[in-house]
Number of protein chains: 2
Amino acid sequence: MRVRLEDVARAAGVSPKTVSRVLNDEANVRESTRERVRAVVAELNYRPHLSARSLASNHSYTVATLYDNPSSSYLTEVQDGVLEACDQRHYSMLVRPLDTEAPDFVERVDTLISAHRPDGLVLTPPVSDHPGLLQRLHERNVIYASVSPKQRADTIGVYMDEQEAAREIVTHLIQLGHRRIAHAIGHTVHGAGTWRLAGYRQALTDAGIPVEPALVVQGDFSFDSGVQAARQLLALERPPTAIFAGNDDMASGVLWAANEHGLSIPNDLSVCGFDDVPISRQVWPTLTTVHQPARDMGRIACQQLLDVLRGQGPGRMVQVPYALKLRASTAPPR
Amino acid sequence: MRVRLEDVARAAGVSPKTVSRVLNDEANVRESTRERVRAVVAELNYRPHLSARSLASNHSYTVATLYDNPSSSYLTEVQDGVLEACDQRHYSMLVRPLDTEAPDFVERVDTLISAHRPDGLVLTPPVSDHPGLLQRLHERNVIYASVSPKQRADTIGVYMDEQEAAREIVTHLIQLGHRRIAHAIGHTVHGAGTWRLAGYRQALTDAGIPVEPALVVQGDFSFDSGVQAARQLLALERPPTAIFAGNDDMASGVLWAANEHGLSIPNDLSVCGFDDVPISRQVWPTLTTVHQPARDMGRIACQQLLDVLRGQGPGRMVQVPYALKLRASTAPPR
DNA sequence: CTCCGGTTTGACAGCGCTGTCATACGGGAG
DNA sequence: CTCCCGTATGACAGCGCTGTCAAACCGGAG
């Protein structure tokens, strides 16, 4: 039979409650007692039963990460970051892919919460922006941290100044000499889509270049939408000399379509992306992009959440820095 | 306060135990009672408390997926498949990234099992091949299903005939007219690395082509190792006319290195991969590869596991079919 | 009408832990 | 030496559910 807390208590000559105190790092245990208990725990290789603990304490020591994201590499990194933070504090992580468009979306999350009782949630976009969900979470007093939410007020989590980053990378294109710069937009329901578009517009405006509607085409952050967008742009009578894609997946799609058109990158067309996920280094030529520290962001969001859960402060909305990665897909126009 | 089973029982005018029976689809409940209880459950929006259930029943209704894999897209697909199977049967999934090389690897898994008490595990390569782990699992009587394990005997799960698939794709290269065909091997601690190499050798041998040691270079399934391997191969005095890479990530690396050398694919060099993960369609030119139904494999492995857990049969080692995807990266040699 | 066996239902304990509260301890002040 | 108060420890109940086993019920055979 497995070792229970009671067994540890007996072996250490203390009461179960004292063992519990030691395990949970509670105050008011004599140091010598603490050490003795710890030794027995190690000797017997005791591991607490999480369900029992959860039932008794009304904490699950679990964080659930919710997502509905097309980019698996971005997501994996965020997830890894969340896991890292969880591990540090002996929390465990539950993952839940969701369809934010589904009619029963909120109810599904509700069920998850009722069943598993996670102590808190980490929301990644676009889950972090679903008004219906956020409202329900507030109603139920569920604590959550958001990664890159549209609305940062009264929310804890992590974000990056995406608009400024987008402005900078487009400015880089302008400095190279480009004037006809297109933008393949990502999902505008994501904050990311909106901010990156705003940064693009701002860069052009700052440089006195008019924003030409034909050069702004809709996509959805997927590779395929990048291909479509590029096809559309390259078919224009006066095609752009540079394309700023909403993210690296789309930028890779742009590269692909450019190949299809027999264009040489970056000589015939400059391309840049956003995120700096692995594919940006795996396509030819490597993509100029903005580095988004996704893993750090996952970790930080989860840390903020855990701080609040453990009563260690109110939790903050932390800003992380971006970094331009100038690689091989951008050059002066011919 | 949240709705408890007792509340449902009171509202339905039955005992808690009867509600429990209905919720768990147990026999010996009159149909009319069952319906009444179900109606109340729906009306009160009752959700069982998983920790309580788990504590009382000694089942956690949780499956843990263990991995240590460099390819995030492969993994995400497998994970999605596992989740799909879990959802169907109202199980939940816990994920756990691991480092199979770490000295405390087995102990970490041990802790996970003791703490969360998953009813079963889904192991993905290379976790599925770690002898120390498997032994511990047997000792502890932990039930698991493996995805593509090296040893299929006495194990449930799912596999694909990778050797035969590799043989077929290399044969495809031979039929195109290639004679100097190289292979960039994946990790040979993975079954995948071994099988694909074996298939490569067999295809050459079957065609009466000698296996040239210089044309077989070691990699580790990563993009970078594909780049390295290709650089090495292309620097040979008599470079190959075709390279079969251990997986799509490596094949993408080969393409990248070929670009670096100014080679035109597939005219100067044919390249093929294995797995059919998204990147194989996102590079230029699109990769000829072998489709591995990763999502299905995750689902099937988990289904086998759940069958065993629920006493519905002994569980099997299921073979899934592969499919050659002939795309744009292969052509006759010049 | 009684008896019998299977079916349906319920009473009750207990899963392994923690919260609450009472008690014991121990050292300094008076 | 006694009293007091903060610190350390333990007794006990109970978290929400299910396993076990006993009881009630029901329909058909005798």
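Below, read A as the first sequence line, B as the second, and so on, with proteins coming before strands; counting in each chain starts at 1.
- Using a 4.0 Å cutoff on non-hydrogen atoms, the parts of residues 34-57 of chain A near DNA chain D are A:Leu55, A:Ala56, ordered by number.
- Of the candidate nucleotides C:dG19, C:dC17, C:dT9, C:dG19 has the atom nearest to the side chain of A:Lys17.
- With respect to B:Asp110 and A:Arg2, no salt bridge is recorded, no charged nitrogen being found less than 4.0 Å from a carboxylate O.
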Under a 4.0 Å heavy-atom criterion, the protein footprint on nucleotides 22-27 of chain C, written with B, S and -, is ------

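- For B:Thr33, a side-chain nitrogen or oxygen approaches OP1 or OP2 of C:dT9 to under 4.0 Å.
- Residue contacts shown for A:Asn24 are limited to sugar-phosphate atoms, with no base heavy atom under 4.0 Å away.
- Listed by chain and number, the residues in a side-chain hydrogen bond (donor to acceptor under 3.5 Å, both in side chains) with A:Gln135 are A:Glu139 (sequence neighbours excluded).
- Rounding to whole angstrom units, NE2 of residue B:His116 and P of C:dG16 are separated by 17 Å.
- Taking B:Arg30 as the reference, nothing meets the salt bridge (Lys or Arg N to Asp or Glu O under 4.0 Å) condition, with sequence neighbours excluded.
- None of B:Gln292, B:Gln79, B:Arg295 except one satisfies the side chain to side chain contact (heavy atoms under 4.5 Å, CB included) rule with B:Tyr74; the exception is B:Gln292.
- Partners of B:Arg34 according to the salt bridge (Lys or Arg N to Asp or Glu O under 4.0 Å) rule, which considers only residues two or more places apart in sequence or in another chain, are B:Glu31.
- Residue B:Asp154 qualifies as open at atom CG: its count of foreign heavy atoms under 6.0 Å is 12 or below.
- Applying the 4.0 Å criterion to OP1 and OP2 of C:dT9, one finds that B:Thr18 has every side-chain N and O outside that range.
- Atom-to-atom, CZ of B:Arg4 to P of D:dC15 comes out at 7 Å; the value is rounded to the nearest Å.
- Summarising the geometry, the separation between NE2 on A:His59 and P on C:dT18 is reported as 11 Å, rounded to the nearest angstrom.
- Both B:Ala27 and A:Tyr61 lie near DNA chain C, and the one whose nearest nucleotide falls closer to the 5' end is B:Ala27.
- The interatomic distance linking A:Asp119 (CG) with C:dT18 (P) rounds to 13 Å, in whole Å.
- Here the P atom of nucleotide D:dG16 and the CZ atom of B:Arg10 are 12 Å apart, to the nearest Å.
- Between the side chains of A:Ser54 and B:Ser51, a donor-acceptor pair is found at a separation under 3.5 Å.
- What separates CD of B:Glu26 from C1' of D:dC17 is a distance of 12 Å, to the nearest Å.
- With sequence neighbours excluded, no residue forms a salt bridge (Lys or Arg N to Asp or Glu O under 4.0 Å) with A:Arg36.
- Evaluated for a side chain to side chain contact (heavy atoms under 4.5 Å, CB included) with B:Tyr67, the options B:Leu98, B:Val95, B:Thr100 yield exactly one hit, B:Val95.
- Rounded to whole Å, atom P of C:dG16 lies 7 Å from atom CG of B:Asn58.
- The nearest whole Å value for the distance from the CG atom in B:Asn28 to the C1' atom in D:dC26 is 14 Å.
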